[in-house]
Structure formats: structure tokens, C-alpha cells
Trainee: 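Got a structure for you, written out below as C-alpha cells; questions coming shortly.
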Amino acid sequence: AQSVTQLDSHVSVSEGTPVLLRCNYSSSYSPSLFWYVQHPNKGLQLLLKYTSAATLVKGINGFEAEFKKSETSFHLTKPSAHMSDAAEYFCVVSDGGATNKLIFGTGTLLAVQP
Amino acid sequence: DTGVSQDPRHKITKRGQNVTFRCDPISEHNRLYWYRQTLGQGPEFLTYFQNEAQLEKSRLLSDRFSAERPKGSFSTLEIQRTEQGDSAMYLCASSYSSGANVLTFGAGSRLTVL
């Protein structure tokens, strides 16, 4: 079965410093992986997706993630944090079945300090 | 297109009452999903529709839960005889049949059972 593990439940950074949110995946085949962001009182928004094309995936708002098969990781990074990045971030894997349902990690809450 | 709409956004009810949530997906999307998110957890899959057909239900969906999607447009999720453990955010998402599983989520319906 497919699953993802987000290694940090909370991450705190200062504005202007790099962001690293860690995610490991488990999959019996080449997975489709995603990062979604959830701001308070707003819907989940897709940041980026990996679907077996380029291993370095660029998303919205300056975020990117690198698929590393040897490490079964899909970490999310951003060179310089902005106050508006404060939110909850979810690493997600597709189950690969006919339903194409998504399996979410437990989330990482990113705090950005001024 | 205003995206995925969910109604009501908040519902407070007493234990034992029935509640119904509505989801209006993006009009061109033929796939519709319901997820449940409890505090501190990622969303968990509940059920999935392809057009009007309900094709998969999670074991999380007890007999008290029923979902419909008449005519393949909007969907309703009804919970009968609510319990305190039903308190959660209920998320609806929609997608095309293709498109690398990119789901568009609504803002959710928050249920509080007293």
C-alpha cells in the first residue's frame, strides 16, 4: 500500500530564510506525488506534483520539490520564506488504483517569524 | 468558474441529529470525492463518484453515512444519528478523469457534534 510520512509536525523559520519540509514515501511502483497547502479557513491548494517526468519539480509561490528514488523522499523547499507562507503543508501520494484517490500525510505546520 | 463550493461551511448539531452537506464541483469535472479531516490529521478518503455512480467507499464510511450524486452534478453527504466522533471537517474535491489526479478541493464543511 502507498503511504507518506511527514517527518516534522511543526517547522519554524525566520522570514527570508530557507524552508525545508521533509516527506518520505512508500510505494510499490513509481508513484505520483504531490504537495498541497492549507491556509486557515481556505481549501487545500495544489503546490506542485511529480508524475515521473523531471525529478526536480517547480511549483507555485517559489516552492520546489525533488523526487529521490534512492532515498524514497520528496522534500519541499523554498529559498526564502515569506510571512504569507505560514500554513499547513501536506505531502500526498496517489494510490495508483482506478479511483486515483489521494493518501495524505499528517501535515507539517509552517510558522514564519518576522 | 468559482471552483468547488461546499455548504454549509459550519454546522453545530446535537448528538443523535441528522446532518447533510452539499458539494457543488467544478462543472466540467466528472469525478467527485469526499474526505474527512480531524484535528491534527491529514484528510482521509471517504468515498468517490464517477459521474453519478458511487464507485468506492472507505471502511471509514459507516452505515450512518450516505452519499449521493444525482445526475452526476452536485453531491450530498448525509450523516444520520450523529456522534461526537463525527466532529470533523468534511472536504469535497473534484477532478477530470485524466489530468494526473489533480484534485481541486472546496473549503470544507466543519461539523461540531455536541
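To find a chain, count down the sequence lines: A is the first, B the second, and so on, and within it residues start at 1. Nothing here was measured: the structure is a model prediction, and the numbers come from that model.
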Trainee: Which region of B/Q41, side chain (C-beta onward) or backbone (N, CA, C, O), has a non-hydrogen atom less than 4.5 Å from a non-hydrogen atom of chain A, or is it both or neither?
Mentor: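 The answer is both parts of B/Q41.
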Trainee: State the CD-NZ distance between B/E44 and A/K101, to the nearest 0.5 angstrom.
Mentor: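 Rounded to the nearest 0.5 Å, the CD-NZ separation comes out at 12.5 Å.
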Trainee: Just so I know, are the side chains of B/Y35 and A/L102 near enough to count as touching, which here means a heavy-atom distance under 4.5 Å?
Mentor: yes
Trainee: Would A/W35 end up clustered with A/L44 when hydrophobic side chains under 4.5 Å apart are linked, directly or stepwise?
Mentor: no
Trainee: Check whether any side-chain heavy atom of A/K42 lies under 4.5 Å from a side-chain heavy atom of B/F105, and answer yes or no.
Mentor: no
Trainee: For residues B/V113 and B/L60: do they belong to one hydrophobic cluster (side chain heavy atoms under 4.5 Å, members Ile, Leu, Val, Met, Phe, Trp, Tyr)?
Mentor: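 B/V113 clusters together with B/L60.
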Trainee: In terms of hydrophobic clustering (I, L, V, M, F, W, Y; side-chain heavy atoms under 4.5 Å; direct or indirect links), are B/F21 and B/L61 co-clustered?
Mentor: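 Result: yes, single cluster for both.
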Trainee: Please name the pair of heavy atoms, one in A/F90 and one in B/P43, separated by the smallest distance, quoted to 0.1 Å.
Mentor: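 Of all heavy-atom pairs spanning A/F90 and B/P43, the closest is CE2-CD, 4.1 Å.
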Trainee: For A/Q38, is it the side chain, the backbone, both or neither that has a heavy atom under 4.5 Å from a heavy atom of chain B?
Mentor: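 Contact with chain B involves the side chain of A/Q38 alone.
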Trainee: Would you mind telling me which of B/M89, B/Q37, B/R110 has the largest number of heavy-atom pairs within less than 4.5 Å of chain A?
Mentor: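 Top option by heavy-atom pairs under 4.5 Å: B/Q37.
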Trainee: So for A/L46, is it side chain, backbone, both, or neither that comes closer than 4.5 Å to the heavy atoms of chain B?
Mentor: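 Just the side chain, heavy atoms under 4.5 Å.
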Trainee: Could you see if B/L46 belongs to whatever hydrophobic cluster contains B/Y33? Use Ile, Leu, Val, Met, Phe, Trp, Tyr and a side-chain cutoff under 4.5 Å.
Mentor: no
Trainee: If you count heavy atoms of other groups shown closer than 6.0 angstrom to CG of B/L55, is the number above 12?
Mentor: yes
Trainee: Hey, any chance A/V92 and A/L48 share a hydrophobic cluster, counting ILVMFWY side chains that come within less than 4.5 Å of each other, even indirectly?
Mentor: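 Different clusters: A/V92 never reaches A/L48 through Ile, Leu, Val, Met, Phe, Trp or Tyr contacts under 4.5 Å.
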